Engineer: 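First the structure, then my questions, so here it is.
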Amino acid sequence: MERLLWYFILYSFLGFLVEVAFARAVRAEKQDRKCFYFLPLCPVYGLGALLILAPAQQLYPYPILVAVWSALAATGAEYVMSLFYEKVLGVSFWDYTQLPGNLRGRICPLFSAFWSLLGLLSVYLIQPIAAAAADQIPTLLLRAAAVILLLDGGLTVFLLRKTGSTDVLCWYRRLPLPILPNSESNLKN
């Protein structure tokens, strides 16, 4: 069970990094891609990875099956998470309505193909390293991480339901920025 928590956190964090890189690469209007209030995590990636990894040992000798299973499992996770966000929390983190073959804007073939590639990377490259690292993580650290994850998750659910907007997760944008010695505003003065 502790390993599953570690994998969920790891892949949710890696998913956050993928989302930020993707948003910057396509110059998306929304650059912020986390789904928790404080933690830089995208839980759809964590859930998708857990589903991908569940039969990975049996499928390992067959990369084609790993690719197909990855697309199906992660696309299923994406659809379920989209429904959860929309129906339970009243928000939407993604919308594929402009892409061909989409199903109510929640999933689409293009991103299923991306899930397939991410699944192959996860099973054959990342997971062997993650499994070895999991054995080195103290139980106390994982329990502390679980508490932090639950607290941040609870706060996130409360705020998303209350506001109905993912903008509430971008609280750090409202922080005052310190004036740097060589900042552009100082150059104008």
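Only a predicted model underlies this, so the values are computations on that prediction, with no experimental measurement involved.
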Engineer: Parallel, tilted or perpendicular, judged at 30° and 60°: which one describes the rings of Tyr45 and Trp115?
Structural biologist: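 Answer is tilted, since the angle falls between 30° and 60°.
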
Engineer: Between Arg3 and Asp135, does a side-chain contact (heavy atoms from CB on, under 4.5 Å) hold up when you go through it step by step?
Structural biologist: CA-CA 8 Å; Arg3 277 183 165 226; Asp135 294 333; 2.3 Å; yes

Engineer: Who pairs with Leu72 by side chain to side chain contact (heavy atoms under 4.5 Å, CB included), at least two apart in sequence or on another chain?
Structural biologist: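 Result, side chain to side chain contact (heavy atoms under 4.5 Å, CB included) vs Leu72: Val68.
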
Engineer: Show me the donor-acceptor pairs within less than 3.5 Å that the side chains of residues 119-129 make with the rest of the protein, sequence neighbours left out.
Structural biologist:
unit_1: Ser122; atom_1: OG; unit_2: Leu118; atom_2: O; d: 2.8
unit_1: Tyr124; atom_1: OH; unit_2: Tyr60; atom_2: O; d: 2.6
unit_1: Gln127; atom_1: OE1; unit_2: Tyr11; atom_2: OH; d: 2.7
unit_1: Gln127; atom_1: NE2; unit_2: Tyr7; atom_2: OH; d: 3.2

Engineer: Minimum heavy-atom separation for Pro100 to Cys108, with atom names?
Structural biologist: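 Minimum heavy-atom contact is O-CB, 4.2 Å.
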
Engineer: For atom CZ of Phe158, is the number of surrounding heavy atoms from other residues, nucleotides or ligands below 6.0 Å larger than 12?
Structural biologist: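 Counting other residues, nucleotides and ligands, CZ of Phe158 stays at 12 neighbours or fewer.
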
Engineer: Specify the closest pair of heavy atoms between Trp94 and Ser82, including all atoms of both residues, with the distance to one decimal.
Structural biologist: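 That would be CZ2-CB, 3.5 Å.
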
Engineer: Ignoring hydrogens, what is the shortest heavy-atom contact between Ser165 and Leu160? Give both atom names and the distance.
Structural biologist: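 Ser165 and Leu160 have their closest heavy atoms at O-CD2, 3.5 Å.
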
Engineer: Specify the closest pair of heavy atoms between Val91 and Gly164, including all atoms of both residues, with the distance to one decimal.
Structural biologist: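 Nearest pair, atom of Val91 first, then Gly164: CG1-C, 3.5 Å.
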
Engineer: Can you name the nearest heavy-atom pair linking Thr97 to Arg104, along with the distance?
Structural biologist: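 Looking at all heavy atoms of both residues, the shortest contact is CG2-C, 4.5 Å.
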
Engineer: I'd like to know if the side chain of Asp152 reaches the main chain of Leu39, judged simply by a donor and an acceptor atom lying under 3.5 Å from each other, with no hydrogens or angles considered.
Structural biologist: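 Yes; judged by distance alone, with no hydrogens or angles, the pair exists.
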
Engineer: Mind checking ring pair (Phe, Tyr, Trp, His ring centres under 6.0 Å) for Phe111 and listing every partner two or more places apart, or none if nothing turns up?
Structural biologist: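 So Phe111 forms a ring pair (Phe, Tyr, Trp, His ring centres under 6.0 Å) with Phe22, Tyr96, Phe114.
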
Engineer: Is the backbone of Gly90 close enough, under 3.5 Å, to the side chain of Arg161 for a donor and an acceptor to pair up by distance?
Structural biologist: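 No: the side chain of Arg161 does not pair with the backbone of Gly90.
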
